[in-house]
Amino acid sequence: MARIRTIKPDFWLDEDLASLSAEANLLAIGLLNQSDDEGYFKANPMLLKAAIFPLRETSVTIHCLLSELSNIGYLELFEGSDGKQYGLVKNFLKHQKINRPTASKYKALREFTEESVSAHQNVSGERKGKEGKGKECDTQ
């Protein structure tokens, strides 16, 4: 469920975020709305596209945009113990004041394994191969 969140003025001056595409910045803001009260969110690219970019086409895949944000340390991506993809907006609680916080139901699904912290993990579920269905990300 989307939530009302605050965007602090510091967001616009963040040098790491400024180095990313405008779409990655919009996704970063949208993830604040999609995250629970501890900063965890479902990292299913189709769900995120529907929630954050419902009336637009993005120039790159949501997977690539998530990778951009992960590469600068804005978020962490992981596979939950249920086999689904999740993310955590790092420093979420530092920048968001939650009046009546609800405990995260995704936090408990987090397992620290070699695969779950891999920066190159395919969170999109896109197929790659001869069919040409998948795209490589051109991230910085």
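This structure is a prediction, so every number in the text was calculated from the model and none was measured.
The line from CD of Gln85 to CZ of Phe41 is 10.5 Å long, rounded to the nearest 0.5 Å. Atom-to-atom distance recorded for Leu65:CG and His63:NE2 is 10.0 Å, nearest 0.5 angstrom. Taking CG of Leu32 as the reference point, atom NE2 of His95 lies at 9.5 Å (rounded to 0.5 Å). Going from atom CD of Glu68 over to atom CG of Asn25 covers 8.5 Å, rounded to the nearest 0.5 Å. The CG atom of Leu88 sits 11.0 Å away from atom OG of Ser70, with the distance rounded to the nearest 0.5 Å. For the atom pair CG of Leu75 and OH of Tyr40, the computed distance is 12.5 Å after rounding to the nearest 0.5 Å.
Of the possible donor and acceptor atoms, one in the side chain of Ser35 sits under 3.5 Å from a partner among the backbone N and O of Leu31. In this structure a side-chain-to-backbone donor-acceptor pair under 3.5 Å is missing from Thr6 to Lys8.
Asp82 is linked by a side chain to side chain donor-acceptor pair (under 3.5 Å) to Tyr86, counting only residues two or more places apart in sequence or in another chain. The salt bridge (charged side-chain N to carboxylate O under 4.0 Å, His left out) check on Lys90 picks up Glu76, with sequence neighbours excluded. Listed by chain and residue number, Lys42, Asn44 satisfy the side chain to side chain contact (heavy atoms under 4.5 Å, CB included) test with Leu47 (two or more places apart in sequence, or in another chain).
Nearest approach of Gly87 to Ala43, heavy atoms of both residues: N-CB, 4.0 Å. Of all the heavy atoms in Glu23 and Ser59, the pair that sits closest is OE1-OG, 2.7 Å. Residues Lys49 and Arg56 approach most closely at NZ-O, 2.7 Å, considering heavy atoms. Here the closest heavy-atom approach between residue Glu38 and residue Ser104 is recorded as OE2-N, 2.9 Å.
There is a path of hydrophobic side-chain contacts, each under 4.5 Å, that joins Tyr74 to Trp12.
Between Asp36 and Lys107 there is no salt bridge, since no side-chain nitrogen of the basic residue lies less than 4.0 Å from a carboxylate oxygen of the acidic one. Ion pair Lys105/Asp37 not flagged as a salt bridge, since none of the NZ, NE, NH1 or NH2 atoms sits closer than 4.0 Å to an Asp/Glu carboxylate oxygen.
In this structure, Phe53 and Leu26 have side chains that are in contact, with non-hydrogen atoms separated by less than 4.5 Å. A 4.5 Å side-chain heavy-atom check between Arg5 and Ile98 finds at least one atom pair inside the cut-off.
The side chain to side chain contact (heavy atoms under 4.5 Å, CB included) test with Ile52 is passed by exactly one of Thr58, Leu27, Ile62, Asn33: Leu27.
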